[in-house]
Engineer: 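Before I ask anything, let me first share the structure, which is written out below as structure tokens.
All values below come from the heavy atoms of this structure, side chains included, with hydrogens, waters and symmetry mates left out. Note that the numbering runs from 1 along the sequence shown for the chain. Quantities reported herein were computed from a predicted structural model and do not represent experimental measurements.
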Amino acid sequence: MVFLRQVVAELKKVVRPTRNELLTYTAAVLVFVAAVMVYVSGLDVVFGQLVFWAFGDGA
């Protein structure tokens, strides 16, 4: 029973973000993920071209 009271006491300390903060954090995460996707896709294209150049079309 003590454990549950401690859990409830800790949960009362949690500060929830405001709607504006939540939207800002979400936008920042989405922009970061999109940037990483573009970067990784660019690397994939470059390395794919290098492999194609090095080994040809396999025919």
Engineer: Quick check: is Leu30 connected to Val38 through a chain of hydrophobic side chains (ILVMFWY, heavy atoms under 4.5 Å apart)?
Structural biologist: no

Engineer: Check for a donor-acceptor pair, side chain of Gln49 on one end and backbone N or O of Val46 on the other, with a separation under 3.5 Å.
Structural biologist: no

Engineer: Give the other cluster members for Val33, using side-chain heavy-atom distances under 4.5 Å between Ile, Leu, Val, Met, Phe, Trp and Tyr residues; answer none if it is isolated.
Structural biologist: Val29, Met37

Engineer: Under the rule for side chain to side chain contact (heavy atoms under 4.5 Å, CB included), what residues qualify as partners of Val36, not counting sequence neighbours?
Structural biologist: Phe32, Val40

Engineer: How does the hydrophobic cluster around Tyr25 look, that is, which other residues are in it when side-chain heavy atoms under 4.5 Å mark a link?
Structural biologist: none

